[in-house]
**Q** 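This is the structure I want to talk about, given as structure tokens.
Values below: every heavy atom of this structure, side chains too, minus hydrogens, waters and symmetry copies. All residue numbers refer to positions in the sequence shown, counting from 1.
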Amino acid sequence: MCRHPRRGEAGREVTRATTGSPSPRGAAVGRGIGIGLMYGLWKPRVLGAWRVPASGPVILAVNHSHNIDGPMLMGTAPRPVHFLIKKEAFVGPLDPFLHGIGQLKVDRTTADRTAITRALGVLEEGGVLGIFPEGTRGEGDFASLRAGLAYFAVRSGAPIVPVAVLGSTERRGRLISALPPLRSRVDVVFGEAFEAGDGSGRRTRKALDEATVRVQTRLTAHLDGARRFTGR
């Protein structure tokens with residue numbers, strides 16, 4: 001008999017085979033690449049990384065205003081991250097690369113059951129799930145929050161850690177205008193972990209709607225605080 005998926009290799013392998021969740025080893029490789037690229041090209045200033053639980057499932061909720069925000073978090077987070085990434089990014093050689101480093105493809109136009117199952121699998125195995133709760137790149141102010149983040153948090157029971165990436169859109173680079181200037185500072189600010197649910201264990205539509213409001217309030221407050229603290 002195999003052991004519980006959180007207590008032994010046999011259990012983890014069975015869970016992974018069942019859910020199709022990505023390998024933690026791939027995400028660890030992705031983190032190594034992110035560290036090399038982000039610290040090599042820019043000057044990340046990481047604040048509050050100690051707030052990310054050292055073990056167990058956790059969701060990192062990140063504002064999204066620039067394409068480097070995801071890679072920046074992958075290279076600065078204290079643990080390997082499995083991001084939910086729009087399927088449009090999985091083109092050409094990026095498809096096998098993103099899969100290889102443990103990232104999750106999601107179809108934003110529908111209820112992507114495969115992506116949902118794999119993301120929940122990451123959390124069930126005690127991993128870190130990265131989500132852009134606004135759904136797409138925009139102002140990066142958490143103003144248009146989707147319900148997916150609350151769903152994953154309530155369904156899994158995993159705490160949410162808000163993350164603010166600041167400075168990626170302040171200026172354009174001289175060599176590549178689509179990127180921030182090389183060696184410029186980008187701030188990555190981790191907030192306090194919190195629970196999305198109300199403690200009742202309810203998973204009804206009303207409960208998810210209420211959780212979404214609570215999550216948006218906490219994320220917006222963290223972003224405002226991070227901007228004041230960093231002056232950005």
**Q** For Asp112, does its backbone N or O pair with a side-chain atom of Thr110 as donor and acceptor, under 3.5 Å?
**A**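 Side chain of Thr110 to backbone of Asp112, a donor-acceptor pair under 3.5 Å: no, none is there.
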**Q** Please determine whether the number of non-hydrogen atoms from other residues, nucleotides or ligands lying under 6.0 Å from atom CZ of Arg183 exceeds 12.
**A**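 Above 12, so yes.
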**Q** So, Asp224 side chain and Ala221 main chain: donor-acceptor pair closer than 3.5 Å or not?
**A**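 Side chain of Asp224 to backbone of Ala221, a donor-acceptor pair under 3.5 Å: no, none is there.
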**Q** Could you tell me which non-hydrogen atom of Pro78 sits nearest to which non-hydrogen atom of Val52, and how far apart they are?
**A**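 Nearest pair, atom of Pro78 first, then Val52: CG-CB, 3.8 Å.
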**Q** OG1/Thr114 to CG/Asp107 distance, rounded to the nearest 0.5 angstrom?
**A**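 Output value for this atom pair is 10.0 Å.
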**Q** Can you confirm whether more than 12 heavy atoms, excluding those of Arg45, are under 6.0 Å from its CZ atom?
**A**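 Result for CZ/Arg45: enclosed.
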**Q** Output, in order, the C-alpha distance, side-chain angles, deciding distance and verdict of side chain to side chain contact (heavy atoms under 4.5 Å, CB included) for Arg185 and Arg232.
**A** CA-CA 11 Å; Arg185 196 187 81 199; Arg232 313 191 87 155; 3.5 Å; yes
**Q** Shortest non-hydrogen contact from Ala211 to Ala196?
**A**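 The answer is CB-O, 3.6 Å.
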**Q** Provide the closest heavy-atom pair for Pro133 versus Val62 in the form atom of the first, atom of the second, distance.
**A**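 Taking every non-hydrogen atom into account, CD-O, 3.3 Å.
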**Q** Is Val122 close to Pro22 at the side-chain level, that is, under 4.5 Å between some pair of heavy atoms?
**A**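 Of all side-chain heavy-atom pairs linking Val122 with Pro22, at least one is under 4.5 Å.
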**Q** Are Pro159 and Phe194 close enough that some pair of their side-chain heavy atoms sits under 4.5 Å apart?
**A**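 No - every pair of side-chain heavy atoms lies 4.5 Å or more apart.
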**Q** Would you check if the side chain of Ser184 reaches a backbone N or O of Pro180 as a donor-acceptor pair within less than 3.5 Å?
**A**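 Checked: no pair found.
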**Q** Using only atom types and a distance under 3.5 Å, with no angle test, would you say the side chain of His222 pairs donor to acceptor with the backbone of Arg218?
**A**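 No, the answer is negative, given that no donor and acceptor are paired below the 3.5 Å cut-off.
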**Q** Identify the two heavy atoms, one from Val161 and one from Gly191, that lie closest to each other, and give their separation to 0.1 Å.
**A**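 Smallest interatomic distance, heavy atoms only, reads CG1-O, 3.5 Å.
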**Q** Rounded at 0.5 Å granularity, tell me how far CD1 in Ile59 sits from OG in Ser156.
**A**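 Result: 4.5 Å between the selected atoms.
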**Q** Using side-chain heavy atoms (C-beta onward) and a distance below 4.5 Å, is Ile68 in contact with Leu179?
**A**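 Touching, per the 4.5 Å side-chain cut-off.
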**Q** Report yes or no: do Met74 and Val189 belong to one cluster of Ile/Leu/Val/Met/Phe/Trp/Tyr joined by side chain heavy-atom distances under 4.5 Å?
**A**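 Met74 and Val189: separate clusters.
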**Q** Would you give the length of the straight line joining atom NZ of Lys43 to atom CG of Leu182, rounded to the nearest 0.5 angstrom?
**A**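 Those atoms lie 11.5 Å apart.
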**Q** Does Asp187 reach the main-chain N or O of Leu166 with its side chain, forming a donor-acceptor pair under 3.5 Å?
**A**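 Answer holds: no.
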**Q** Under a 4.5 Å cut-off applied to non-hydrogen side-chain atoms, are Phe90 and Leu104 in contact?
**A**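 SC-SC contact between Phe90 and Leu104 ruled out.
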**Q** Quick check for you: to the nearest 0.5 Å, what is the distance between Gln103 atom CD and Leu94 atom CG?
**A**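 So the gap between those two atoms works out to 11.5 Å.
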**Q** Distance under 6.0 Å and angle within 45° of the ring axis: does Arg51 meet both against Phe190?
**A**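 So Arg51 doesn't make the cation-pi contact.
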**Q** Side-chain heavy atoms nearer than 4.5 Å, only ILVMFWY residues, links allowed to pass through others: does that put Ile131 and Ile160 together?
**A**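 Yes, same cluster.
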**Q** Side chains of Val188 and Leu47: closer than 4.5 Å at any heavy-atom pair?
**A**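 Side-chain contact under 4.5 Å: no.
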**Q** Okay, side chain of Trp42, backbone of Pro181: is any donor-acceptor separation there less than 3.5 Å?
**A**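 Side chain of Trp42 to backbone of Pro181, a donor-acceptor pair under 3.5 Å: yes, one is there.
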**Q** Hey, could you give me the CE/CG distance between Met72 and Asn67, rounded to the nearest 0.5 Å?
**A**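 If I round to the nearest 0.5 Å, the distance is 12.5 Å.
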**Q** Under 3.5 Å, side chain of Arg31 to main-chain N/O of Ile101, donor-acceptor pair present?
**A**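 No; judged by distance alone, with no hydrogens or angles, the pair does not exist.
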**Q** Using a strict cut-off of less than 4.0 Å between a Lys/Arg side-chain nitrogen and an Asp/Glu carboxylate oxygen, indicate whether Glu210 and Arg202 qualify as a salt bridge.
**A**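 Here Glu210 pairs with Arg202 in a salt bridge, since their nearest N and O are under 4.0 Å apart.
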**Q** Strictly distance-based, threshold 3.5 Å: is any side-chain N or O of Thr220 a donor or acceptor partner for the main-chain N or O of Thr217?
**A**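 Not a single qualifying donor-acceptor pair exists.
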**Q** Taking Arg108 for the side chain and Lys86 for the main chain, is one N or O donor matched with an acceptor at less than 3.5 Å?
**A**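 Checked: no pair found.
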**Q** Specify the closest pair of heavy atoms between Tyr39 and Pro44, including all atoms of both residues, with the distance to one decimal.
**A**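 Reported closest heavy-atom pair: CD2-CD, 3.8 Å.
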**Q** To the nearest 0.5 Å, how far apart are NZ in Lys105 and CG in Asp95?
**A**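 With rounding to 0.5 Å, NZ (Lys105) is 5.0 Å from CG (Asp95).
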**Q** Quick check: is Ile85 connected to Ile33 through a chain of hydrophobic side chains (ILVMFWY, heavy atoms under 4.5 Å apart)?
**A**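 Linked, Ile33 and Ile85 end up in one cluster.
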**Q** Side chains of Ile116 and Tyr151: closer than 4.5 Å at any heavy-atom pair?
**A**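 Yes. Closest side-chain heavy atoms under 4.5 Å.
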**Q** Check the hydrophobic clustering (I, L, V, M, F, W, Y; side-chain heavy atoms under 4.5 Å; chains of links allowed) and say if Val186 and Leu73 are grouped together.
**A**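 Yes.
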**Q** Do Phe83 and Leu60 have side-chain heavy atoms sitting under 4.5 Å apart?
**A**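 Heavy-atom side-chain distance check fails, nothing below 4.5 Å.
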**Q** Is there a side-chain contact between Leu120 and Phe152, using heavy atoms and a 4.5 Å cut-off?
**A**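 Counting from C-beta outward, Leu120 and Phe152 do come under 4.5 Å.
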**Q** How about Asp198 and Ser200: does a side-chain donor come under 3.5 Å of a side-chain acceptor?
**A**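 Their side chains do contain a donor-acceptor pair, which is all the 3.5 Å distance test asks for.
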**Q** For the residue pair Gly75 and Ile35, what are the closest heavy atoms and their distance?
**A**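 Nearest pair, atom of Gly75 first, then Ile35: O-CG1, 3.2 Å.
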**Q** For Leu84, does its backbone N or O pair with a side-chain atom of His82 as donor and acceptor, under 3.5 Å?
**A**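 Such a contact is absent between His82 side chain and Leu84 backbone.
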